[in-house]
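Notes for the one structure printed next.
Here, residue 1 is the first one in the sequence, and each next residue gets the next number. Atoms within a ligand are numbered from 1 in the order they appear, just like the ligands themselves.
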Amino acid sequence: MRKPIIAGNWKMFKTRDEALYFILKVSTQMPDIEKVDSVVLSQAPLLRDLVKRQGDNLRVGAQNLYFEDEGAFTGEVSGPLLKSYNVDYVVIGHSERRNVFHETDTDVNLKLHAAIRNELIPIVCVGEHLEDRVSQKTNEVLKAQITKAFENVSRNDAQNVVIAYEPIWAIGTGRTATKEIADESCGYIRSLMKELYDEPLAQTIRIQYGGSVKPENIDELLAMENIDGALIGGASLDPDKFITMVKAALKRTE
Ligand code: PGA
């Protein structure tokens, strides 16, 4: 059985005080990390404060990294720096990075290699635009994104990657994909991993759903066969909601 992973993507929200309040409230309430991976993903300058206070069962991650390890890249954050802060996770290719900051599938691939090189656990995001879904191009888009992201990634490294399926039309819109749609696309991504690697890898790799997940819909999403967790934006900002959603994942393991 795949261990569920619930990750709160805070995006560009929370000041230091707000983040410290959150961590104080949730860090002691997280389920055993042997059963559920609970993660918060913050703006880079907060990471050090969060790692110091994460406790035994919460992990911390960055929302982005640059694909070079050092150099004249003003404003970027490096993998070695994240690693030196004992950050565990890093999000790669979030749709906001792709759409607002013009990141390409090639950037995503280079960043995935950078995360692996620096021993960070990557959460690789993929997902289609509404036009793609309407014109029945979802699988084509997912295939192109996944194939390029994993180019030259060994089986050994690929098996530790977390994939997040986030249909762009469902992010921050209050419009969640139905559990059937979410499961179908996560299942399709699993079949792509079988094509790229093999069946055992496809069966062990963890695939999250993301897009307007909240306490009211997380149970039905996590009950689906191919959904191993959630990447949560808006609803993860509230400590009580985050605790509720992590506990929903724990229930699934019992
Ligand atoms: P949302 O964001 O939960 O606010 O829709 C999800 C995400 O962008 O990861």
Side-chain angles (χ1 to χ4, degrees), residues 4-14 18-19 22 26 37-44 46-47 50 59-65 87-103 107-108 111-112 115 120-130 132-133 138 141-142 145-146 149 161-179 181-183 185-186 189 206-222 224 227-249:
I5 172 165
I6 303 297
N9 173 15
W10 289 353
K11 309 194 180 188
M12 206 178 72
F13 291 98
K14 289 200 190 294
E18 288 163 353
F22 181 105
V26 311
D37 282 319
S38 310
V39 186
V40 287
L41 304 157
S42 77
Q43 297 179 68
L46 282 173
L47 292 167
L50 296 177
R59 289 293 174 267
V60 169
Q63 298 171 5
N64 185 27
L65 88 174
V87 162
D88 284 302
Y89 289 84
V90 62
V91 180
I92 295 173
H94 189 279
S95 63
E96 286 147 19
R97 299 294 321 169
R98 293 175 188 260
N99 297 333
V100 184
F101 300 99
H102 313 295
E103 283 187 14
D107 295 327
V108 171
K111 289 180 175 202
L112 179 52
L120 298 159
I121 304 171
I123 301 178
V124 174
C125 302
V126 294
E128 80 285 2
H129 286 276
L130 184 58
D132 303 323
R133 173 134 317 251
T138 299
V141 170
L142 294 178
Q145 290 175 336
I146 289 283
V161 175
V162 178
I163 299 174
Y165 167 62
E166 298 207 308
I168 293 161
W169 47 271
I171 296 179
T173 57
R175 184 173 169 177
T176 324
T178 62
K179 57 186 194 302
I181 288 180
D183 188 57
S185 289
C186 290
I189 292 167
R206 293 183 296 173
I207 305 177
Q208 299 175 302
Y209 166 75
S212 300
V213 177
K214 46 189 185 250
E216 295 76 22
N217 60 20
I218 194 163
D219 287 313
E220 61 175 34
L221 288 161
L222 293 182
M224 303 307 282
I227 302 178
D228 305 316
L231 181 56
I232 308 156
S236 76
L237 294 169
D238 177 323
D240 293 320
K241 288 186 185 172
F242 186 70
I243 292 167
T244 304
M245 293 186 285
V246 159
K247 290 195 171 155

So if I count the atoms of ligand 1 from 1 in the order they appear, which ones are less than 4.0 Å from some heavy atom of [X]?
X    : result
G233 : 1 (P), 2 (O), 3 (O), 4 (O), 6 (C)
S212 : 1 (P), 3 (O), 5 (O)
G234 : 1 (P), 3 (O), 4 (O)

Original post:
So do W169 and E128 actually touch side chain to side chain, heavy atoms under 4.5 Å?
Top reply: yes
Original post:
Between H94 and K11, is any pair of side-chain heavy atoms under 4.5 Å apart?
Top reply: yes
Original post:
Which residues satisfy the side-chain hydrogen bond (donor to acceptor under 3.5 Å, both in side chains) test with N217, sequence neighbours excluded?
Top reply: T176
Original post:
After noting the C-alpha distance and the side-chain angles of D107 and R97, does the key distance pass the salt bridge (charged side-chain N to carboxylate O under 4.0 Å, His left out) rule?
Top reply: CA-CA 10 Å; D107 295 327; R97 299 294 321 169; over 6 Å; no
Taking distance alone, with no angle check, do [X] and ligand 1 share an N/O pair under 3.5 Å?
X    : value
G172 : yes
H94  : yes
I171 : no

Does the residue [X] have a heavy-atom contact with ligand 1, meaning some pair of atoms that are separated by less than 4.0 Å?
X    : result
G210 : no
C125 : no
K11  : yes

**OP:** May I ask you to identify the nearest protein heavy atom to atom 9 (O) of ligand 1, giving residue, atom name and distance to one decimal place in Å?
**Re:** E166 OE2, 2.7 Å
Original post:
Can you name the salt bridge (charged side-chain N to carboxylate O under 4.0 Å, His left out) partners of D219, sequence neighbours left out?
Top reply: K251
